[in-house]
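Structure, as structure tokens:
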There are 4 protein chains.
Amino acid sequence: MKKLHIPSMVKNNQKIQKRRNQILEASIQPFKQKGFHRTTTREIAENAGMSFGAIYEYVESKEDILYLFFESLYDQLNTILKSRVSDQFKGHDRIRSFVKEYFHVINEIWDETSIMYSESRSLPKPYLEYVLSKENDFVQYVMSIFSKALKEEKISLSEDDIYLLTHNIIVQGHMWAFRGWALRKRYTLEKYIDIQSKTIIGSILALTE
Amino acid sequence: MKKLHIPSMVKNNQKIQKRRNQILEASIQPFKQKGFHRTTTREIAENAGMSFGAIYEYVESKEDILYLFFESLYDQLNTILKSRVSDQFKGHDRIRSFVKEYFHVINEIWDETSIMYSESRSLPKPYLEYVLSKENDFVQYVMSIFSKALKEEKISLSEDDIYLLTHNIIVQGHMWAFRGWALRKRYTLEKYIDIQSKTIIGSILALTE
Amino acid sequence: MKKLHIPSMVKNNQKIQKRRNQILEASIQPFKQKGFHRTTTREIAENAGMSFGAIYEYVESKEDILYLFFESLYDQLNTILKSRVSDQFKGHDRIRSFVKEYFHVINEIWDETSIMYSESRSLPKPYLEYVLSKENDFVQYVMSIFSKALKEEKISLSEDDIYLLTHNIIVQGHMWAFRGWALRKRYTLEKYIDIQSKTIIGSILALTE
Amino acid sequence: MKKLHIPSMVKNNQKIQKRRNQILEASIQPFKQKGFHRTTTREIAENAGMSFGAIYEYVESKEDILYLFFESLYDQLNTILKSRVSDQFKGHDRIRSFVKEYFHVINEIWDETSIMYSESRSLPKPYLEYVLSKENDFVQYVMSIFSKALKEEKISLSEDDIYLLTHNIIVQGHMWAFRGWALRKRYTLEKYIDIQSKTIIGSILALTE
DNA sequence: GATGAATGAGCCTTCATTCAT
DNA sequence: CATGAATGAAGGCTCATTCAT
């Protein structure tokens with residue numbers, strides 16, 4: 001599914017990019033703290049260092065901002081991940097390596113991930129569809145890596161098992177963000193990665209026989 | 001942490017209980033569909049079959065409703081779970097049995113669980129603290145069961161491992177609700193319970209040596 | 001064409017009637033002075049002696065007010081006219097008598113008539129259709145009186161001539177309102193009626209041979 | 001009353017003339033369709049093929065455009081009329097001839113005439129005065145022609161009668177524009193001119209004895 | 001002179017909450 | 001206790017106007 005086109009009053013594409021980034025960055029803090037609905041456009045504008053009239057040069061509605069937020073979130077996730085995930089590891093190591101990189105990214109876009117969980121319901125219908133399709137794409141991507149690793153280990157699991165394990169991995173990543181209030185007290189990211197890698201490998205073995 | 005006291009204009013405690021339940025039940029649908037903020041008090045009143053003035057006889061603000069919602073959610077979770085979780089299974093079976101009961105409850109309060117994820121940020125600070133304490137209590141409760149099972153299996157894991165496995169279990173339950181859009185297409189609840197039970201046992205084994 | 005239904009939050013029909021009248025009365029002055037667009041809802045509310053939130057209990061949008069304004073205008077025109085136009089005069093006297101009554105009504109709803117001319121373009125499409133249909137009804141009504149009078153005089157004119165004379169009469173009425181700035185300086189209403197009655201009778205005769 | 005001076009940033013008078021005409025032409029369509037207030041300066045600029053900053057080089061405010069619109073309307077009316085109205089007809093024929101030319105002009109500036117009726121209230125006070133003075137001038141002009149014709153017919157009417165007949169003629173012209181929705185269905189311009197000429201002559205006769 | 005991004009006053013509308021009945 | 005009309009703070013958005021380039 002292609003990105004939805006959010007019209008802008010401004011022609012210059014570079015400026016649009018730059019300004020929208022400003023807007024997004026300015027949104028994260030208040031979205032995280034008070035949620036989308038309690039965040040005012042005036043507030044976003046102020047945070048972004050622009051007049052609130054300016055926002056509407058780059059966006060048609062407050063909901064557009066939320067959409068752009070999600071879009072950017074998936075962009076970051078994909079871009080960063082693809083740049084870091086290497087092909088040099090095989091089998092379980094491929095999984096360990098992926099988990100490590102993935103959890104690291106989540107740790108970097110921690111706030112955004114939390115917001116994702118609370119605010120997807122605030123998205124208007126067509127936008128929500130886009131986001132779900134992106135999430136699906138991501139599931140497919142993780143699943144492909146996962147399957148490759150299993151093949152390398154000569155492990156054969158049912159599609160259903162693989163699919164669920166994939167969701168488990170993804171959600172364990174998110175968990176680091178949305179349960180941060182509990183987990184960060186006890187674990188460093190490295191420790192968290194270490195344990196969860198083991199649970200994942202353990203899960204695979206448990207499903208194999 | 002004790003329940004917060006939500007003042008009411010009405011004295012009769014039974015009536016308060018009854019009316020507040022009406023209000024809560026009336027809230028679930030719109031909260032699920034459009035979220036807390038887009039749901040109006042008028043709508044809740046209408047759904048609850050009372051005048052919208054009446055709501056304010058039993059609640060001091062819209063946020064109170066959300067708080068009562070969370071309170072009731074944890075009450076249900078605890079009450080139902082405690083009534084169903086039996087002590088007759090030992091070891092891994094204790095875990096399997098608990099997971100089964102827990103996931104069943106989640107399946108019954110599916111909507112509420114989803115709402116919990118989207119709307120916790122909508123709670124005013126003091127309320128949020130209560131909710132987090134409730135969540136902590138629940139973690140402790142699950143952990144106690146889990147520990148007992150491990151002891152019965154003579155498995156000794158570090159507190160850190162146990163704690164994380166506990167969170168994993170809890171989140172896997174929530175997942176059934178908040179990832180329902182993907183999971184329900186592929187799994188029945190029974191199937192989901194079956195696979196996840198295995199991944200959990202697998203995780204335990206992986207963390208043991 | 002039946003009146004369009006403008007929903008109201010309030011149930012009590014009598015109250016709706018009363019409040020809407022307040023709103024309409026409060027609108028005339030500012031609409032006349034500055035036009036619909038420059039008139040703010042706050043201003044209307046203030047003039048009407050109610051809070052501006054109250055307005056939205058009785059109306060769904062500012063445009064609704066304008067619609068109600070037109071509706072009321074035609075209602076008044078029809079009601080007053082029908083109560084005053086008598087059947088006791090025949091022929092030219094019927095016309096003279098009608099013109100007199102009609103122009104008197106216009107004189108009483110002077111401001112409203114002027115507003116009608118400036119603001120019909122401000123009406124949303126479906127409302128505009130209603131207004132045009134009302135205007136058509138009025139044309140038909142005047143034409144019927146006019147035709148009766150001609151028959152009584154045994155004058156036979158083509159439909160086209162009658163139709164145009166009807167429009168002329170109607171517009172001459174409006175003129176008293178929208179050209180008031182010029183006409184009132186020179187003519188009393190009685191004088192205006194007197195001259196225009198003659199021009200109308202003269203027009204009839206000129207079209208007859 | 002002399003034309004009001006609308007300041008411009010630009011010196012070159014010819015350019016001002018050209019650009020302002022562009023602006024005016026670009027305004028007619030949207031003014032007609034949606035009215036002055038709903039028409040945005042951006043829209044006008046776009047229609048005029050210039051940047052919307054440019055407008056403010058030739059005009060100081062949006063209202064100025066409306067003023068220029070009225071000014072141009074009267075200019076056109078006068079210019080065209082004076083070029084066409086000939087002195088070769090005498091008496092009633094002078095009237096018939098004038099009516100014909102006048103109604104033809106109205107037919108050509110149909111849209112502008114309609115706009116005049118809806119938007120005069122949108123003009124700021126001092127501008128409105130100018131417009132009324134222009135309208136007065138036009139009344140005087142028509143009255144002079146009319147008087148001449150009456151003199152040629154040796155008909156003597158009171159000033160009051162003449163003045164009102166003049167207004168009638170003028171408004172019958174406008175009517176062709178602002179009641180076009182009803183009249184055009186039934187009459188060609190020629191037919192309309194034909195009937196109205198008769199009603200006017202008839203009116204004169206009726207006022208003579 | 002022209003451009004078009006930026007500004008921010010101002011407006012409509014919503015909706016939680018109050019309070020007279 | 002219940003009702004529902006009234007209140008008005010607050011927020012999203014528009015758009016005329018300015019001004020740096």
Side-chain angles (χ1 to χ4, degrees), chain A residues 8-12 15-16 18-19 37-45 49-65, chain B residues 8-12 15-16 19 37-46 49-65, chain C residues 8-12 15-16 18-19 37-45 49-65, chain D residues 8-12 15-16 19 37-46 49-65:
Chain A
S8 163
M9 302 251 71
V10 175
K11 307 288 151 100
N12 185 328
K15 182 148 240 175
I16 294 181
K18 194 183 132 210
R19 288 300 216 178
H37 281 103
R38 280 204 228 282
T39 301
T40 67
T41 51
R42 279 167 171 79
E43 204 174 350
I44 294 174
M50 53 177 102
S51 73
F52 69 85
I55 285 191
Y56 286 88
E57 299 274 317
Y58 298 97
V59 127
E60 285 190 320
S61 73
K62 199 185 165 194
E63 269 86 14
D64 281 357
I65 298 178
Chain B
S8 163
M9 303 254 70
V10 176
K11 300 293 142 204
N12 184 331
K15 184 147 231 177
I16 294 181
R19 288 298 218 179
H37 282 103
R38 286 203 224 280
T39 300
T40 66
T41 51
R42 279 174 149 75
E43 203 174 350
I44 293 173
E46 215 161 315
M50 53 178 97
S51 75
F52 50 86
I55 285 191
Y56 285 86
E57 305 271 324
Y58 300 97
V59 128
E60 283 191 320
S61 73
K62 198 185 166 194
E63 269 84 13
D64 282 357
I65 299 178
Chain C
S8 163
M9 302 252 71
V10 175
K11 307 287 152 99
N12 184 328
K15 183 148 241 176
I16 294 180
K18 194 184 132 210
R19 287 300 216 177
H37 282 102
R38 281 203 226 279
T39 301
T40 66
T41 50
R42 277 167 169 76
E43 204 174 350
I44 293 174
M50 54 177 101
S51 73
F52 64 83
I55 286 192
Y56 286 87
E57 299 275 317
Y58 298 97
V59 127
E60 285 191 319
S61 73
K62 199 185 164 195
E63 269 86 13
D64 281 357
I65 299 179
Chain D
S8 162
M9 303 254 71
V10 177
K11 300 294 143 202
N12 183 331
K15 183 146 232 176
I16 295 181
R19 289 299 218 177
H37 281 102
R38 284 204 226 277
T39 300
T40 66
T41 51
R42 278 174 148 75
E43 204 173 350
I44 294 173
E46 215 160 315
M50 55 177 97
S51 75
F52 52 85
I55 285 191
Y56 286 86
E57 305 270 324
Y58 299 97
V59 126
E60 284 191 319
S61 75
K62 198 185 166 195
E63 269 85 13
D64 282 357
I65 299 178

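- Here dC1(F) presents its C1' atom at 12 Å from CD1 of I16(B), a figure rounded to the nearest Å.
- Among the heavy atoms of the strands, none lies under 4.0 Å from M9(D).
- For K18(A), no side-chain nitrogen or oxygen approaches OP1 or OP2 of dA5(E) to under 4.0 Å.
- Contact between Y56(C) and S61(C) at its shortest, heavy atoms only, is CE2-CA, 4.1 Å.
- Taking atom CD on E43(B) and atom C1' on dC15(E), their separation rounds to 12 Å, with Å as the unit.
- Between dA5(E) and R19(A), no contact under 4.0 Å exists linking OP1 or OP2 to a side-chain N or O.
- Distance CG (N12(C)) to P (dG4(F)): 11 Å, rounded to an integer number of Å.
- The side chain of K11(D) approaches dG1(E) more closely than any other nucleotide in the set dG1(E), dA2(F), dA2(E).
- For DNA chain E, if you chain together Watson-Crick or G-U pairs that step i with j, i+1 with j-1 and so on, the runs of at least three with distances under 3.5 Å are E:2-21 with F:2-21.
- Y58(B) approaches V10(B) most closely through the heavy-atom pair CE2-CG2, 3.5 Å.
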Per-nucleotide protein contact string for nucleotides 16-21 of chain E, where B marks a base within reach and S marks sugar-phosphate only (heavy atoms under 4.0 Å, - for neither): BBB---
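- Listed for the S8(D) side chain is a donor-acceptor partner under 3.5 Å among the backbone atoms of E57(D).
- Atom CE of M50(B) is separated from atom P of dG4(F) by 13 Å (rounded to the nearest Å).
- Here E43(A) pairs with P30(A), K34(A), T39(A), T40(A) under the side chain to side chain contact (heavy atoms under 4.5 Å, CB included) rule; sequence neighbours left out.
- Between Y58(B) and dC1(F), a side-chain N or O to OP1/OP2 separation shorter than 4.0 Å is absent.
- Residues T41(D) and K62(D) approach most closely at CG2-CG, 3.9 Å, considering heavy atoms.
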